[in-house]
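Here is how names work: the chains are called A, B, and so on, in the same order as the sequence lines, proteins then strands, and each is numbered from 1. Scope of the values below: all heavy atoms of this structure, side chains included, with no hydrogens, waters or symmetry mates.
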Number of protein chains: 2
Amino acid sequence: MKQALSDTEIRIIAAAERIFLLKGLDGARMQDIADEASINKAMLHYYFRNKQQLFDIILDDKISKVFDVFQVWAQPHLNFEQKLRKFVEEEINLIKSFPILPLFIMLEARKNPDLIPTKLKNFPIQDVKATFQNIIQTDIDKGNIRPVKMEEIILNTMSLCVYPIIAAPLFQYTFKVDNSAYLDYLEARKQLVPDMILRDLNYKTPQN
Amino acid sequence: MKQALSDTEIRIIAAAERIFLLKGLDGARMQDIADEASINKAMLHYYFRNKQQLFDIILDDKISKVFDVFQVWAQPHLNFEQKLRKFVEEEINLIKSFPILPLFIMLEARKNPDLIPTKLKNFPIQDVKATFQNIIQTDIDKGNIRPVKMEEIILNTMSLCVYPIIAAPLFQYTFKVDNSAYLDYLEARKQLVPDMILRDLNYKTPQN
DNA sequence: GTCTATAGGCGGATAGAC
DNA sequence: GTCTATCCGCCTATAGAC
């Protein structure tokens, strides 16, 4: 039975989230987190034994949110195009709300190669892959999309969703676009990206 | 007049590159770099005043290489397709050689909003943009590609080149691909990515 | 539970001999 | 230029009063 979190614990976790996502594990200072939570350093250690444990709580939560987005592919009653559009929309929404998340995960993953296997081992990745493979194989067989590997679709789609968000500061500077215009553009990409993917797959609306 | 680098300086820079690429700024230890260069810690400080300066040398060098890749668009005697293919090839080669670079720049850019303007202010970005705009406008007018904004092409192309490299650890784990097979796949993307972009632009080989 | 004070060690930087 | 020894500040973590 999971104990309800106290008000202080909630404040600490929220503070840790902001600091870790901004500074990374090495860059974050326990003092920063304490200040952000308006408590003193010793209290952090009282509630969470050490820095690593606090970090793991934040990271685990974020990774599960990333994983959740893939559940779209398991939804029945939607065809390939509908699932793709929903996936792109949710992916863009998620990364928009935490633009640092992918940077953070990828940076930490390169420092510690065990991180990804350790963190992902409890998620039923094989199930999601099987579901996805099943969906596209059906559409390939029906001639709705050209023969293609699922890795290709996922990687291209993720690239087109995620990169424009993490690279926003660079593109805003280069193309002299202000924040609000760039956010509008990211909204527009919820259409542009699936359109591009479907076009690449030579997608034909199924005749059911 | 730029002094030629001594053998030791070259070894230090090569070592620093490898360590910073692996661990990031905060995660890298001066001792790691010294070991990698087979010298002692004091020598690092003799040649480069401090850690930050050593890092900046690596970073500035890499940023100028990023910019160099865009010079492809200014090469005469190549048509749009040839320039695009060359750009993709060089971009993938570059990011492969320093995968942490986009991650670091983007993370630092969010911590310090002045970083991008400061690092990029000496590059003639406007010239490259004008050149690029000119090229695609010509092809649009000739009917070789559909009407499209240059921002769109650049952002999509960069996304498809860069993201698969920075997210490599995640995809290698998810799809059970080993390092060498993934490197092969990135090579294959030097074809796949321009193919996809050209397809999206409804590209027709010019009739010259 | 909350705080202050401090231990303890890591890691960047330097002094100074050769 | 190269090395050893060492300094010293920063930062995590804990002891212990209240």
Identify the 5'-most and 3'-most nucleotides of DNA chain D with at least one atom closer than 4.0 Å to a non-hydrogen atom of chain A.
D:dC11 to D:dT14
Quick one: side-chain hydrogen bond (donor to acceptor under 3.5 Å, both in side chains) partners of [X], sequence neighbours excluded?
| X | result |
| --- | --- |
| A:S6 | A:E9 |
| A:S97 | none |
| A:Q191 | none |

Which residues pass the ring-ring contact (aromatic ring centres under 6.0 Å, His included) test with A:F70, not counting sequence neighbours?
A:F87
Using the C1' atoms of five pairs at each end, what's the angle between the two axes of the helix from C:dG1-D:dC18 to C:dC18-D:dG1, to 10 degrees?
10°
Tell me every residue that passes side chain to side chain contact (heavy atoms under 4.5 Å, CB included) with [X], counting only those two or more places apart in sequence or in another chain.
| X | value |
| --- | --- |
| B:D114 | B:N112, B:T118 |
| B:D26 | A:D26, B:K111 |
| A:P164 | A:Y182, A:L186, A:R189, B:L155, B:S159 |
| A:L170 | A:T174, B:M106, B:I116, B:L120 |

Roughly how far, to the nearest 0.5 Å, is the CD1 atom of A:I33 from the CD1 atom of A:I13?
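The distance works out to 11.5 Å.
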Could you list by number each residue of residues 23-39 of chain A showing a heavy-atom separation from DNA chain D of less than 4.0 Å, or answer none if no residue does?
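Listed by number, they are A:A28, A:R29, A:M30.
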Here's one to test your reading of the geometry: is the NZ or CZ of B:K176 within 45 degrees of the ring axis of B:Y173 and under 6.0 Å from its centre?
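Yes - B:K176 lies over the ring of B:Y173, closer than 6.0 Å to its centre and within 45° of its axis.
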Identify, residue by residue, the members of residues 45-53 of chain A with a heavy atom below 4.0 Å from DNA chain C, and return them in order of residue number, or none.
A:Y46, A:Y47
Spacing between A:N40 atom CG and C:dT6 atom C1', to the nearest angstrom:
14 Å
Short N-O contact, B:K62 and B:E17, less than 4.0 angstrom:
yes
Does B:K41 contact C:dG12 through a side-chain donor or acceptor facing the base, at a distance under 3.5 Å?
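Flag set: donor-acceptor pair detected.
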For the residue pair B:Y203 and B:F80, categorise the inter-ring angle as parallel (less than 30°), tilted (30 to 60°) or perpendicular (more than 60°).
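Geometry flag for B:F80 against B:Y203: tilted rings.
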State, without any angle test, whether A:E152 and B:Y185 hold a side-chain donor-acceptor pair at a distance under 3.5 Å.
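Yes, because at least one side-chain N or O of A:E152 sits under 3.5 Å from a partner of the opposite role on B:Y185.
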